[in-house]
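Structure record follows, encoded as structure tokens.
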Amino acid sequence: MATCRGIDVSAYQGTQNWASHKKDGVAFAFAKASEGQQTHDARFATHIKGIKAAGLVPGAYHFAWPNQDAAREASNYISAVTPYAGKGFCHWLDLERYGDGRNYAGRSASQIKAWVTRWVALVQEAFPGQRVGIYTSGDDVAAGRVPAGLPLWYPAYPWGAAAYSKAEAATQPKASGRTPLIWQFTSQPIDRSIAYLSAAELRAWAAGTDPEEDPMAGMTAQDIYDAVWKTDAVPAPTTSTTIKTNPTWAPVSVLADIVNRVRATETAVTAQAATIKTLVEALAKQDSAVDVDALVQRITDAIESVTVRLDADPQN
């Protein structure tokens, strides 16, 4: 499965060397823009300008307080990102519970889900044609706080500090049965994620184009081999002795038949050449003027000429 690499940053991270990140294979980067009803991240402008200047797929996220007003929080986020958003920009709602639960306090799962739906709708309205997704845990998904159909950026840290290669080699995780588009697999030494699209596919997706479904996705090499070579779909040769009971052959059987015919023809040609030479040598014993090699070549050329003409135009 194709993947690409990404990171996310906030005020907790200093100025980044985006050229170095890109050299390490990073294709996308998201920066915290806002939190709650009023807070803007102090380093958002610096981070997002660097991300865009490096040519990475850019995005921003808002840390949610679903026990506050959804419209005011959406407005807070929109005001922060409007100077930088555009085609190909990704928007994410960071839905995660503080350790003491203060941002979820007093809200049921269904109320939080309705809050998320409202926030997403307002951001989609503000940035038509741009992607809006959710960053959240498997616990939030399982609790019913996450609306269906939203692109999922999923945090799960099975190893602590880890290289991209380790996540790329691992099985794609599930978030309470849902398949994430992006997996944030470590926060050490920085938040690292992989997207389950190639860099080109992610850029196209961010721009509003859904990558074409791979018709061979999930197929093994053996599946492909069987589909190509073991499907009975080729008419049997007319010379087949079993044509009445086996009118169609699998391609692998046709190929084997062709190989056998070619080998038989090669054997016959070799025998024919030997016979011609034997006959010409016998003729030369009767007539010393006969040039054995020249006559053999003339006869061989004549046979090949007839064969080519018959193959090219069997009507003449």
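In this structure Asp257 satisfies the salt bridge (Lys or Arg N to Asp or Glu O under 4.0 Å) test together with Arg261, sequence neighbours excluded. Under the rule for a salt bridge (Lys or Arg N to Asp or Glu O under 4.0 Å), Arg118 has no partner lying at least two apart in sequence or in another chain. Scanning for salt bridge (Lys or Arg N to Asp or Glu O under 4.0 Å) contacts around Asp191 gives an empty result, with sequence neighbours left out. By the side chain to side chain donor-acceptor pair (under 3.5 Å) test, Ser108 pairs with Ser110, Gln111, sequence neighbours left out. Asp293 pairs by the salt bridge (Lys or Arg N to Asp or Glu O under 4.0 Å) definition with nothing, not counting sequence neighbours.
The line from OG of Ser193 to OH of Tyr154 is 12.5 Å long, rounded to the nearest 0.5 Å. Rounded to the nearest 0.5 Å, atoms CG (Asp140) and CG (Leu95) are 4.5 Å apart. In this structure, Ser187 OG and Ile7 CD1 are separated by 13.5 Å, a value rounded to the nearest 0.5 Å.
Transitive grouping of hydrophobic side chains (ILVMFWY, heavy atoms separated by less than 4.5 Å) brings Leu93 and Val9 into a common cluster. Cluster annotation: Ile112 is connected to Ile134 through the hydrophobic network of ILVMFWY side chains, with a link wherever side-chain heavy atoms come within less than 4.5 Å. No continuous path of ILVMFWY side-chain contacts below 4.5 Å connects Leu181 to Leu150, so the two sit in separate hydrophobic clusters. If you chain together hydrophobic residues whose side chains sit under 4.5 Å apart, Met1 and Leu197 never meet in one group. No chain of hydrophobic side-chain contacts below 4.5 Å, direct or via other Ile, Leu, Val, Met, Phe, Trp or Tyr residues, connects Trp92 to Phe185.
Contact check for Arg145 versus Thr136: no side-chain heavy atoms found under the 4.5 Å cut-off. Side-chain contact check for Pro173 versus Pro180: some heavy-atom pair is nearer than 4.5 Å. Contact of the Val132 side chain with the Trp119 side chain is registered, since non-hydrogen atoms from C-beta on lie closer than 4.5 Å. In this structure, His91 and Val81 have side chains that are in contact, with non-hydrogen atoms separated by less than 4.5 Å. With contacts defined as side-chain heavy-atom distances shorter than 4.5 Å, the pair Arg43/Lys32 does not qualify. Counting heavy atoms from C-beta on, the side chains of Ile194 and Ile182 never come closer than 4.5 Å. Side-chain contact check for Tyr77 versus Glu35: every heavy-atom pair is 4.5 Å or farther apart. Phe89 is not listed as a side-chain neighbour of Phe127, based on a closest heavy-atom distance of 4.5 Å or more.
Between the side chain of Ser75 and the backbone N or O of Ala71 there is no donor-acceptor pair closer than 3.5 Å. For the pair His40 (side chain) and Asn76 (backbone), a donor-acceptor distance under 3.5 Å is present. Within the 3.5 Å criterion, the main-chain N or O of Trp205 finds no donor-acceptor partner in the side chain of Thr209. Remark: side-chain polar atoms of Thr39 are not paired, donor with acceptor, to backbone N or O of Gly36 under 3.5 angstrom. For the pair Trp115 (side chain) and Gln68 (backbone), a donor-acceptor distance under 3.5 Å is present.
The two atoms that bring Pro147 and Thr117 nearest to each other are CG-OG1, 3.2 Å, heavy atoms only. Nearest heavy-atom pair across Asn103 and Ala64 is ND2-O, 3.1 Å. Across Ala206 and Cys90, no two heavy atoms sit closer than the pair CB-SG, 3.7 Å. Of all the heavy atoms in Ser198 and Ala2, the pair that sits closest is N-CB, 3.7 Å. Residue Ala11 comes nearest to Ala42 through the heavy atom pair CB-N, 4.4 Å, listed as atom of the first residue, atom of the second, then distance. For the residue pair Ala142 and Ser176, the shortest heavy atom distance occurs at CB-OG, 3.4 Å.
Leu122 belongs to no hydrophobic cluster, as no Ile, Leu, Val, Met, Phe, Trp or Tyr side chain comes under 4.5 Å of its own. Members clustered with Tyr98: Phe63, Trp65, by chain and number, using a 4.5 Å side-chain heavy-atom cutoff among hydrophobic residues.
The ring-ring contact (aromatic ring centres under 6.0 Å, His included) contacts involving residues 130-151 comprise Tyr135-Trp153, where partners must be two or more places apart or lie in separate chains. Pairs engaging residues 167-180 under the salt bridge (charged side-chain N to carboxylate O under 4.0 Å, His left out) rule: Arg5-Glu168 [sequence neighbours left out]. The salt bridge (charged side-chain N to carboxylate O under 4.0 Å, His left out) contacts involving residues 95-106 comprise Asp100-Arg102, where partners must be two or more places apart or lie in separate chains.
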Apply the test side-chain contact (heavy atoms from CB on, under 4.5 Å) to residues Thr179 and Gln172: give CA-CA distance (whole Å), side-chain angles for both, the deciding distance (0.1 Å), then the verdict. CA-CA 8 Å; Thr179 301; Gln172 185 176 8; 3.1 Å; yes

When you look at Lys166 and Thr186, which way does the side-chain contact (heavy atoms from CB on, under 4.5 Å) test go after all the steps? CA-CA 11 Å; Lys166 192 164 188 175; Thr186 187; over 6 Å; no

Decide yes or no on side chain to side chain donor-acceptor pair (under 3.5 Å) for Tyr12 and Asp41, but give the supporting numbers first. CA-CA 10 Å; Tyr12 292 108; Asp41 187 273; over 6 Å; no

Check the pair Gln16, His21 against side-chain contact (heavy atoms from CB on, under 4.5 Å), reporting the backbone distance first and the verdict last. CA-CA 8 Å; Gln16 300 293 302; His21 285 311; 2.8 Å; yes

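Counting non-hydrogen atoms of neighbouring residues, nucleotides and ligands closer than 6.0 angstrom, the CD atom of Glu125 reaches no more than 12 such neighbours.
Judged by the 6.0 Å distance and 45° axis criteria, Arg192 is positioned over the aromatic ring of Tyr164.
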Contacts under 3.5 angstrom, residues 268-286 side chains, donor-acceptor by atom type, not counting sequence neighbours:
unit_1	atom_1	unit_2	atom_2	d
Thr270	OG1	Glu266	O	2.9
Thr275	OG1	Ala271	O	2.9
Thr278	OG1	Ala274	O	2.9

If you look only at distance, which donor and acceptor atoms sit under 3.5 Å apart when one is on a side chain in residues 44-62 and the other is two or more places apart or in another chain?
unit_1	atom_1	unit_2	atom_2	d
His47	NE2	Ser10	O	3.0
His47	NE2	Gln13	O	3.3
Lys52	NZ	Tyr84	O	2.6
His62	ND1	Ser34	OG	2.7
His62	NE2	Glu73	OE1	2.7

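Using modelled atom types and a 3.5 Å distance limit, the side chains of Tyr157 and Gln184 yield a donor-acceptor pair.
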